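Here the structure is a predicted model, which means the values were calculated and not measured. Just so it is clear: chains get the letters A, B, ... in the order the sequence lines come, proteins before strands, and each one is counted from 1.
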Amino acid sequence: MPELPEVETVRRGLERGVVGRTVVAVDVHHPRAVRRHEAGADDFRARVEGRRLLGARRRGKYLWLPMDSGEAVVGHLGMSGQLLVVPPDKPAEAHLRVRFGFDPSTNPGGRELRFVDQRTFGGLAVVPMVGGPAGQSADGLATGGVPASVAHIALDPLDPAFDDDAFVEGLRRRRTGVKRALLDQTLISGVGNIYADEALWRVPLHWARPTDTLPRPTARALLGHVRDVMTEAIAAGGTSFDALYVSVNGVSGLFDRSLSAYGRRDEPCARCGTPIRRDAFMNRSSFSCPRCQPRPRRARY
DNA sequence: GGGTTAACCTGCGGGC
DNA sequence: TGCCCGCAGGTTAACC
């Protein structure tokens, strides 16, 4: 389940594996993979073929590859998406959705890019840039704004421009539960179910704590833990529970060995030994320690 | 306009 | 063995 650390791991792989290449062939194997490209698969292909990829960028869980046309290929991995850089003769994956071939004269490794997605919650689209063109600086890095389809989400907490004070005040203005607020990508992007549970365990804070009762120092501490857990997860190459999340080389992350709450139902809390509980939350799960993270009297879901 | 819910989708594991 | 159901969950449209 890719969240920010997993997407960042993929982005780094794309930076090494596809930036600077010129796309010569695009094969869309499943129309749903480009459903957010409203003009359809043929238009998607036409806008990418012949274009040079200038960079690999990320905000929250969105990835994009700026092109020399001024547009960008925007990707979201959804629940099960993978972007793999593999030899062209490698057999097609069972859920291969889109394949990109590169001009050999621009492609030292001789590999191709594949978008593989079992559950098809993810997808790709070609999107114009807003807030500046997808230019290129002297060192070859892409510069400029963000794709229009990414502009609606908040900065992620690893972005140097992230405004901590604005987050703290925005969080305390909400009238909802703290975990629901953490998952709201328009308040803070990149946080998903796994890292929300981990950060809340570290504070510690119950997931249904009303945001408008959070003291500023607590809100600030929560943000610090979100940053810490994401930074540690990136260093470990992301979290993986099964083969659904992998880097561009197909390698699984190791951070699941470091999780304290998520997926640890009935296992002892690392702080106090009380068995971790699982609660139903928004048609999914929330894991927490009943003793360290007691349910507030006034809970919000 | 902010908060909340359901739908989208496939594979897998458990129960019968 | 095979069928059915629940579960995994990020995003967004639709509803309140």
Side-chain angles (χ1 to χ4, degrees), chain A residues 1-8 10 29-38 58-64 74-83 93-98 115-125 127 146-154 156 167 169-198 200 207-214 226 230 233 238-246 252 256 259 261-266 277-287 298-301:
Chain A
M1 302 127 214
E3 301 181 29
L4 187 152
E6 292 72 44
V7 178
E8 173 60 18
V10 171
H29 293 246
H30 195 302
R32 196 174 144 77
V34 294
R35 69 191 179 285
R36 296 223 162 74
H37 189 87
E38 290 180 7
R58 180 188 58 71
R59 176 179 289 181
K61 303 168 197 169
Y62 283 91
L63 276 170
W64 66 94
V74 177
H76 197 292
L77 302 179
M79 293 285 303
S80 55
Q82 304 174 348
L83 284 163
E93 293 76 8
H95 303 97
L96 175 63
R97 307 304 188 192
V98 185
F115 178 65
V116 177
D117 191 7
Q118 177 196 96
R119 291 176 221 175
T120 67
F121 277 35
L124 305 177
V127 177
V146 298
S149 59
V150 180
H152 69 289
I153 70 165
D156 65 62
F167 167 77
E169 297 311 315
L171 179 68
R172 298 175 74 245
R173 267 198 305 273
R174 298 288 171 114
R175 295 291 181 271
T176 188
V178 64
K179 181 169 175 180
R180 189 183 281 275
L182 280 181
L183 297 180
D184 182 346
Q185 304 294 302
T186 66
L187 178 66
I188 181 172
S189 68
V191 184
N193 208 32
I194 298 172
Y195 298 111
D197 278 3
E198 290 303 301
L200 290 167
W207 53 267
R209 173 72 176 265
T211 49
D212 55 338
T213 68
L214 286 174
V226 168
M230 285 182 167
T239 299
S240 176
F241 297 98
D242 50 39
L244 281 187
Y245 161 68
V246 291
S252 291
D256 53 334
L259 294 176
Y262 186 85
R264 298 213 171 278
R265 181 180 195 168
D266 295 335
R277 77 183 151 204
R278 174 198 178 272
D279 295 316
F281 166 76
M282 287 172 73
N283 289 327
R284 58 201 69 182
S285 297
S286 232
F287 297 91
R298 183 163 73 82
R300 280 181 183 270
Y301 306 96

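Contacts of H76(A) classified as side chain to side chain donor-acceptor pair (under 3.5 Å), with partners at least two apart in sequence or in another chain: none. When the side chain to side chain donor-acceptor pair (under 3.5 Å) test is applied to R97(A), no partner is found at least two apart in sequence or on another chain. Under the rule for a side-chain contact (heavy atoms from CB on, under 4.5 Å), the partners of R35(A) that lie at least two apart in sequence or sit in another chain are R32(A). When the side-chain contact (heavy atoms from CB on, under 4.5 Å) test is applied to T176(A), the partners found at least two apart in sequence or on another chain are R174(A), R180(A), A181(A), T211(A). Applying the salt bridge (Lys or Arg N to Asp or Glu O under 4.0 Å) criterion to R59(A), with sequence neighbours excluded, gives no partner residue. Scanning for side-chain contact (heavy atoms from CB on, under 4.5 Å) contacts around A261(A) gives E198(A), W201(A), F287(A), with sequence neighbours left out. Scored by the side-chain contact (heavy atoms from CB on, under 4.5 Å) test, E93(A) finds L84(A), K90(A), L96(A), R114(A), V116(A) as partners (sequence neighbours excluded).
Remark: the backbone N or O of R172(A) is not paired with any side-chain donor or acceptor of D212(A) at under 3.5 angstrom.
Following rounding to the nearest Å, N193(A) (CG) and dA8(C) (P) show an atom-to-atom distance of 9 Å. In this structure, L124(A) places its CG atom 15 Å from C1' of dG10(C), rounding to the nearest Å. Remark: P of dG10(C) and CG of D197(A) are 10 Å apart, rounded to the nearest angstrom. Atoms CG (L187(A)) and P (dG2(B)) sit 12 Å apart, rounded to a whole Å.
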Contact state string [nucleotides 4-13 of chain B, B base, S sugar-phosphate only, - no protein heavy atom under 4.0 Å] | SB--BBBS--
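When the side-chain nitrogen and oxygen atoms of H76(A) are compared with OP1 and OP2 of dT11(C), one or more of them lie within a distance under 4.0 Å.
Between its opening and closing five pairs, the helix from dG2(B)-dC16(C) to dC16(B)-dG2(C) changes axis direction by 50°, a value rounded to 10 degrees.
Distance from the side chain of Y62(A) is smallest for dT11(C) among the nucleotides dA8(C), dG10(C), dT11(C).
Nucleic acid contact for F281(A): none, since no nucleic acid atom lies under 4.0 Å from a heavy atom of the residue. At the heavy-atom level, R173(A) lies nowhere under 4.0 Å from the strands shown.
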